[in-house]
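A short write-up of the structure that comes next.
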Amino acid sequence: MDMEKLVSLCKRRGFLFQSSEIYGGLNGFWDYGPLGVELKRNIKDAWWRDMVTAHDEMSVTPGAPATYEMTGLDCTIIMHPQVWKCSGHYDLFCDMMVDCKDCKSRFRADHLLAIELQFPNSKETDAPHVLLGGTGEKEEIIERHKKKLKKLVRVHGDYLTLSGFMTYGQLNEDGRKKFICPECGQQGNMTEPREFNLMFKTIVGAMGTENDAAFLRPETAQGIFVNFKNVVDSTRVRIPFGIAQVGKSFRNEITPRNFTFRSREFEQMEIEFFCHPDSSRDWYEYWRDRRMRWYTELGLSGDRLILREHAEDELSHYSCGTADIEYAFPFLTEGEFGELEGIAHRGDFDLRSHMEGKLVKNEEGCLVLETGPDGKPKYKGSGRDLTYRDDQAKERFTPHVIEPSAGADRATLAFLCEAYTEDEQPNDKGQMQTRVVMKLHPRIAPIKAAVFPLVKKDGMPEIAQGIYRDLKKRFNVFYDEKGAVGRRYRRQDEAGTPYCITVDGQTLDDQTVTVRDRDTLEQWRVNVADVVEEIAGRVG
RNA sequence: GCGGGUGUAGUUCAAUGGUAGAACGAAAGCUUCCCAAGCUUUAGGCGAGGGUUCGAUUCCCUUCACCCGCUCCA
């Protein structure tokens, strides 16, 4: 499928517009049009209903290790700045970056390492002093510069590497002059480390200063963690249980690209599922499979949708298991997949972070409090007790967290891509014509049914309008009496409307109307009185 | 952020240093008994800002956006 065709259909039919388009647009921001807002809301509603309100906490859901409860939250976008310091986002998202002025490569100042070389056997008193730049292991960095090294060794003899890495950020001015770019080999050509903010910064208070800086949330999850105790205290939920939240998040992405796939303002659908450490692995597997099934059931086909378990070395420092649900978006190259949702086993990292302060992994692989140069905690936690007391087992523990975190905009985009179909259908003269049809699952289709009088006379519009009013009480439906009926059908095809109801001459005799299926073009007759139930039974 | 490409009507595209045309779409009317039909009519555009020029949609610069590649992607 050609992405340009989908983008143009989205604009033409009102699924998606560029934000602030009349002013030239704004990179990384998109608006949902009249059809798009319905589609996206249907997706969010389906998610909320399937995950939260329709969840049966009294019986064991198929595949689940036990019964569990689900509840929801809606937290603010701006939160206390300490939240992001303890969660690790502040350090991670507010980076110092270094660019090579020559080849324009960019590196994180704290990831760009320097290996210092000495040439003790050199006959020259002013023996060359170089710092090899690079990322990764020492051997990798030396390998990267091997050409240059060979030349140096020929002139100056063998070299010694001084022990210990230094990051570029730690180098003094002299060191930076001797630093060699790992990409192009130019020496002393890097910029100073510059601030690079992936979190949107704002000021709280009309007279606020930099001291009142706050951030728009880069994820919804933290609102759930900091409210964990509130939920436990106010709802009588017992572990295992999950808290769901749908809401906007913001990231100053370096390269927003690929339509809405990487936007700077986006909406997440997240669950933080709290369970006992001993059963966390089982719950992780449950949520991984449960979430995968959700997409499949709403129409994302098997071969374009994959579940990808992360390799050990790909895991975040706190995670002991992560899987991505990925979709083969048409704008990606063949064989590539884009992430729709990540299901992460986060252990007790988050709750502990907000109790104790920002955590890091030590040499033994254990999470410990990160300390600053003065030996004190770098970022202090809340000090609140976020452990959980199981009265029945008479046990107190810090719950482990399973996090299925889905992108609502990415899901919407995937459903749009999957739905876009072109087929050949005959026109009224029997000639084959290309038909564009959005084969959206009826449950998420923006318009559930359209009602037409076949022609605008003989009382057909009146009957059709009556059916329209009845349907409108329960569904988003559309009425149209203008022009040829074939044109009206095609319009609905592009909007993804699964059913069209047409009042014709026979209606006047026997009170039946035709129902047309969007995908098969089949038509069958239904009594006017049964239309609402007919549609209800089909759109769920 | 870098390199390349592209910005003309709602969409897809033309033409042009002398202020723009088509197709489809949209709207109105007539006609029409089932899949973008026909006839009539209407509305609608040079991404933005500078510069060169008597005059710029066209040439130049800047900027913004989109596409491709690189980079990045907790």
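Residue numbering restarts at 1 for every chain, and letters A, B, ... go by the order of the sequence lines.
Spacing between atom CD of A:Gln433 and atom P of B:A23 amounts to 17 Å, rounded to whole angstrom units. With rounding to whole Å, A:Leu6 atom CG is found 12 Å from B:C67 atom P. One atom, CZ of A:Arg257, and another, P of B:C72, lie 13 Å apart when rounded to the nearest Å. At whole-Å resolution of the value, CZ in A:Phe261 and P in B:C68 are 13 Å apart. Rounded to whole angstrom, the span from the CZ atom of A:Arg13 across to the P atom of B:A36 amounts to 14 Å. Following rounding to the nearest Å, A:Asp423 (CG) and B:C35 (P) show an atom-to-atom distance of 15 Å. One interatomic measurement links the two molecules: CZ of A:Arg488 to P of B:A27, which rounds to 12 Å at whole-angstrom precision. To the nearest angstrom, P of B:C24 lies 21 Å from CZ of A:Arg435.
Side chains of A:Cys500 and A:Thr514 form no contact here, defined as non-hydrogen atoms less than 4.5 Å apart. Side-chain contact between A:Arg525 and A:Asp504 is present, with at least one heavy-atom pair separated by less than 4.5 Å.
Across B:G1 and B:U62, the matching P atoms stand 15 Å from one another, rounded to whole Å. Distance noted for atom C1' between B:U40 and B:G7: 36 Å (whole Å). A distance of about 28 Å separates the P atoms of B:G55 and B:C64, rounded to the whole Å. The separation of B:U58 from B:U6, taken at their P atoms, amounts to 15 Å, rounded to a whole angstrom. Between the C1' atoms of B:A56 and B:U19, the separation comes to 9 Å (whole Å). Across the P atoms, B:A37 and B:G5 are found 41 Å apart, a figure rounded to whole Å. Taking atom P in both B:A23 and B:G17, one finds a spacing of 24 Å when rounded to whole Å. With both ends at atom P, the span from B:A22 to B:A43 equals 13 Å, rounded to whole Å.
Within the 3.5 Å criterion, the main-chain N or O of A:Val526 finds no donor-acceptor partner in the side chain of A:Asp530. At least one donor-acceptor pair closer than 3.5 Å links the side chain of A:Arg488 to the backbone N or O of A:Lys482. Side-chain atoms of A:Thr512 never come within 3.5 Å of backbone atoms of A:Asp510 as a donor-acceptor pair (strictly under, hydrogens ignored). Between the A:Asp517 side chain and the A:Thr520 main chain, a donor and an acceptor come within less than 3.5 Å of each other. For the pair A:Arg518 (side chain) and A:Tyr499 (backbone), a donor-acceptor distance under 3.5 Å is absent.
Listed nucleotides: B:A36, B:C66, B:C35. Nearest to the side chain of A:Gln18: B:C66. For A:Val455, whose side chain is taken as the heavy atoms from C-beta onward, the closest listed nucleotide among B:C68, B:C34, B:U32 is B:U32. With B:C66, B:A36, B:G29 as the choices, the nucleotide that has an atom nearest any side-chain atom of A:Glu494 turns out to be B:A36. Taking every side-chain heavy atom of A:Arg487 into account, B:A26 is the closest of B:C30, B:C35, B:A26. Of the listed nucleotides (B:A28, B:C33, B:C68), B:A28 has the atom at the smallest distance from the side chain of A:Lys482. Checking B:C34, B:C33, B:C68 against every side-chain atom of A:Lys457, the shortest atom distance belongs to B:C33. The nucleotide whose nearest atom lies closest to any side-chain atom of A:Gln523 is, among B:C68, B:C30, B:C34, B:C34. In this structure, the nucleotide among B:U71, B:A26, B:C68 sitting nearest to the side chain of A:Asn258 is B:C68. With B:U32, B:C34, B:G10 as the candidates, the nucleotide lying closest to the side chain of A:Lys456 is B:U32. If you check B:C33, B:C30, B:G69 against the side chain of A:Leu454, the one that comes closest is B:C33.
Side-chain atoms of A:Tyr489 and base atoms of B:C34 include a donor and an acceptor less than 3.5 Å apart. Counting atom types as modelled, A:Arg491 pairs no side-chain N or O with a base atom of B:G25 as donor and acceptor under 3.5 Å. Side-chain atoms of A:Arg516 come within donor-acceptor range of the base of B:C35, with a qualifying N/O pair under 3.5 Å. A donor and an acceptor atom sit less than 3.5 Å apart, one in the side chain of A:Asp504 and one in the base of B:C34.
A:Pro426 comes within 4.0 angstrom of sugar-phosphate atoms only, judged by non-hydrogen atoms across all strands, and of no base. Among the heavy atoms of the strands lying under 4.0 Å from A:Leu521 is at least one base atom, whether or not backbone atoms are also near. Residue A:Thr502 is classed as a base contact, given a heavy-atom separation below 4.0 Å to a base. Among the atoms of the strands shown, none is found under 4.0 Å from any heavy atom of A:Asp493. Residue contacts for A:Met3: at a heavy-atom cut-off of 4.0 Å it reaches no nucleic acid atom on any strand shown. Residue-level contact check: A:Phe17 touches neither bases nor backbone, having no heavy atom under 4.0 Å from any strand.
Contact annotation: A:Lys11 does not reach the phosphate of B:G10 (side-chain N/O to OP1 or OP2, under 4.0 Å). Of the side-chain N and O atoms in A:Asn27, one or more sit less than 4.0 angstrom from OP1 or OP2 of B:C66.
As the counterpart of B:C2, B:G69 is assigned, both hydrogen-bonding distances of the Watson-Crick or G-U wobble pattern falling under 3.5 Å. B:A26: Watson-Crick or G-U partner is B:U42, with both key distances under 3.5 Å. Under the Watson-Crick or G-U wobble criterion, with both distances below 3.5 Å, B:A37 is left unpaired in every strand shown. Base pairing of B:U19 is not made with any nucleotide, judged by Watson-Crick or G-U wobble geometry with both donor-acceptor distances under 3.5 Å. The partner of B:U58 cannot be assigned: no Watson-Crick or G-U wobble pair with both contacts below 3.5 Å exists in any strand.
Residue A:Glu481 is the one, among A:Glu481 and A:Phe266, whose nearest nucleotide of RNA chain B lies closer to the 5' end (criterion: closest heavy atom). Nearer the 5' end of RNA chain B, as judged by each residue's closest nucleotide, is the contact made by A:Arg525, out of A:Arg525 and A:Phe331.
For the pair A:Lys201 and A:Phe215, the cation-pi criterion (under 6.0 Å, within 45° of the ring axis) is not fulfilled.
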Go through the steps for A:Arg291 and A:Glu341 under the test salt bridge (Lys or Arg N to Asp or Glu O under 4.0 Å), then give the verdict. CA-CA 9 Å; A:Arg291 291 301 308 148; A:Glu341 171 161 352; 2.8 Å; yes
